[in-house]
Student: 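Got a structure for you, questions after.
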Number of protein chains: 2
Amino acid sequence: MGKRFLRSIRMLAECMQLFEQISTAKVRQFGLTHSQFDIIATLGNTQGMTCKELGEKTLITKGTLTGVLDRLEQKKLISRERGNNDRRQFFVKLTPLGEAAFDEVFPHVVAEGEKHFADYSEADYQALEDALGKLRHHFSAEK
Amino acid sequence: MGKRFLRSIRMLAECMQLFEQISTAKVRQFGLTHSQFDIIATLGNTQGMTCKELGEKTLITKGTLTGVLDRLEQKKLISRERGNNDRRQFFVKLTPLGEAAFDEVFPHVVAEGEKHFADYSEADYQALEDALGKLRHHFSAEK
DNA sequence: TATTGTTATACTCTATAACTATA
DNA sequence: TATAGTTATAGAGTATAACAATA
């Protein structure tokens, strides 16, 4: 029977759902959506980046990204500046308020997630990462 | 440093994103959204179930579920019948067309995913499932 | 009173295509 | 011609609260 992999996928999806429940609850306490937090977390501790780069990292398509960035700009959490070299580009970065949000929200989300790993040993981590690394490799390959 | 778990989470998210890219492409070829496919896949090979049950299995909240079911009903893929025992309940099940869709789409999604596990050994599966099982257990526990 | 499911509201995300400005 | 990003469009999912019918 060749459906063995379905069990693994189901487990993968369950883990992801559970983690999203945990993290989304925290994120929403701060008035952010999952996509918005994704942007904030991606921009955190960076000098900023172009929309293109941001889209590639978050897997949000450009039309959608404009809307998400608009809402973050309304909240004064990010700023957009025309590029100097290439004036087609926008350079997106966190405002001081955005950095404050990052500093405030990110540790909470992290702490919330971390609770669930309280008694993970180095071997546990290694086993998980090995398994996921192999899986990622298989999913990435062209088939 | 206690942020070791972030790497695992990132890998988990990447695996999930990759798999969703693979499966969503297939699902959309058949004119279904991810949520809609979720419902179809959940109802497939069952006698049907109540909205409550369906919401619990798919993690879609009841207000949202009504909308998703409406769209599936428009497409003649599911039917809703008042319960006989408890007339507050609706019993949701696949129509013959819905079953046909399940039979048609599900194997395609499965086959698409399966390609990526082509050379997985029993030991590979076991290692992945052990790691994910442990993770799921930790995420499920109240903290 | 509690539960099942719907309705109403308001927002967010989504993909896609056409468009503008720059390269 | 190609690229970066916006705008326009139309749909779909989301949470929430108020509601109807039934238990």
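Here is the naming used below: chain letters follow the sequence lines, and residue numbers restart at 1 for every chain. Below, each value reflects all heavy atoms present in this structure, side chains not excepted, and no hydrogens, waters or symmetry copies.
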Student: Starting at the 5' end of DNA chain C, which residue's closest nucleotide do you reach first, A:R88 or A:H34?
Tutor: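 Here A:H34 is the residue nearer the 5' end.
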Student: Checking A:K26 against A:F37: charged group under 6.0 Å from the ring centre and within 45 degrees of the axis?
Tutor: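 Negative - A:K26 is either too far from the ring of A:F37 or too far off its axis.
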Student: Please give me the minimum heavy-atom distance between B:C15 and A:L132, naming the atom from each residue.
Tutor: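 Residues B:C15 and A:L132, closest heavy atoms: SG-O, 3.4 Å.
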Student: Scan B:T42, B:T46, B:D38 and name whichever one has a side chain to side chain contact (heavy atoms under 4.5 Å, CB included) with B:K57.
Tutor: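 It is B:T42, the one option of B:T42, B:T46, B:D38 that forms the side chain to side chain contact (heavy atoms under 4.5 Å, CB included) with B:K57.
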Student: C:dC13 C1' sits how many Å from B:Q17 CD, rounded?
Tutor: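 About 15 Å, once rounded to whole Å.
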Student: Give the rounded distance in Å between these two atoms: CG of A:L65 and P of C:dT16.
Tutor: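 Going from A:L65 (CG) to C:dT16 (P), I get 16 Å.
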Student: Can you check the A:E20 CD to D:dA15 C1' distance for me, whole Å?
Tutor: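 To the nearest whole Å, that distance equals 16 Å.
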Student: Taking it one step at a time, do B:F106 and B:F30 satisfy ring pair (Phe, Tyr, Trp, His ring centres under 6.0 Å)?
Tutor: CA-CA 10 Å; B:F106 194 70; B:F30 292 88; over 10 Å; no
Student: Looking across every strand, which nucleic acid part, if any, lies under 4.0 Å from B:R80 by heavy atom: base, sugar-phosphate, or nothing?
Tutor: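 B:R80: backbone/sugar contact only, no base atoms under 4.0 Å.
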Student: Can you tell me the distance, in whole Å, between the NZ atom of A:K62 and the P atom of C:dA15?
Tutor: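 For the pair A:K62 NZ and C:dA15 P, the rounded distance is 13 Å.
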Student: Decide whether B:S121 and B:D124 meet the rule of one side-chain donor and one side-chain acceptor closer than 3.5 Å.
Tutor: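 Yes - a donor-acceptor pair under 3.5 Å links their side chains.
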Student: Under the 6.0 Å and 45° cation-pi test, does B:K134 pair with A:Y120?
Tutor: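 Checked: cation-pi criterion met.
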Student: Whole angstroms only, please: what is the CG-P distance between A:D38 and C:dC13?
Tutor: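 Taking CG of A:D38 and P of C:dC13, I get 10 Å after rounding.
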Student: Please check if the number of heavy atoms outside A:K93 that lie under 6.0 Å from its NZ is greater than 12.
Tutor: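 Counting other residues, nucleotides and ligands, NZ of A:K93 stays at 12 neighbours or fewer.
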Student: Of all the nucleotides listed (D:dG13, C:dT12, D:dA2), which has the minimum atom distance to the side chain of A:Q36?
Tutor: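 For the A:Q36 side chain, the nearest candidate turns out to be C:dT12.
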Student: Name the nucleic acid region contacted by A:T64, choosing base, sugar-phosphate or nothing; use a 4.0 angstrom heavy-atom cut-off, strictly under.
Tutor: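 Counting heavy atoms under 4.0 Å across all strands, the contact made by A:T64 includes a base.
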Student: Quick one: A:N84 CG to D:dA4 P, roughly how many Å, whole number?
Tutor: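 Result: 17 Å.
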Student: Among the nucleotides C:dT22, C:dG5, C:dC13, which one has an atom lying closest to any side-chain atom of A:T33?
Tutor: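 Shortest atom-to-atom distance from the side chain points to C:dC13.
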Student: What is the distance, rounded to the nearest whole Å, between atom CD1 of B:I39 and atom C1' of D:dA12?
Tutor: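 B:I39 atom CD1 is separated from D:dA12 atom C1' by 13 Å.
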Student: Can you tell me if CG on B:D130 sees more than 12 non-hydrogen neighbours from other groups inside 6.0 Å?
Tutor: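 Counting other residues, nucleotides and ligands, CG of B:D130 exceeds 12 neighbours.
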Student: Give me the residues of residues 46-61 of chain A where at least one heavy atom lies under 4.0 Å from an atom of DNA chain D, by number, or none.
Tutor: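 The stretch gives A:T50, A:C51, A:K52 as the residues lying under 4.0 Å from the strand, ordered by number.
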Student: Base, sugar-phosphate alone, or nothing: which one does B:N85 contact when heavy atoms must sit under 4.0 Å apart?
Tutor: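 Sugar-phosphate contact only.
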Student: Is there a residue in residues 66-78 of chain B whose heavy atoms reach under 4.0 Å of DNA chain D, and which residues are they?
Tutor: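 Close to the strand are B:V68, B:R71.
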Student: Is the terminal nitrogen or CZ of A:R82 (NZ for Lys, CZ for Arg) located under 6.0 angstrom from the six-membered ring centre of A:F90 and within 45° of that ring's axis?
Tutor: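 Judged by the rule, A:R82 and A:F90 form a cation-pi pair.
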Student: In whole angstrom, what separates B:F90's CZ from D:dA21's P?
Tutor: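 Checked: the CZ to P distance equals 12 Å.
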Student: Among the nucleotides C:dT16, C:dG5, D:dT22, which one has an atom lying closest to any side-chain atom of B:R87?
Tutor: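 Out of C:dT16, C:dG5, D:dT22, the nucleotide with an atom closest to B:R87's side chain is D:dT22.
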Student: Taking side chain to side chain contact (heavy atoms under 4.5 Å, CB included) as the criterion, tell me which of B:L77, B:I39, B:I40 meets it with B:L94.
Tutor: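 Answer to the side chain to side chain contact (heavy atoms under 4.5 Å, CB included) test with B:L94 among B:L77, B:I39, B:I40: B:I40.
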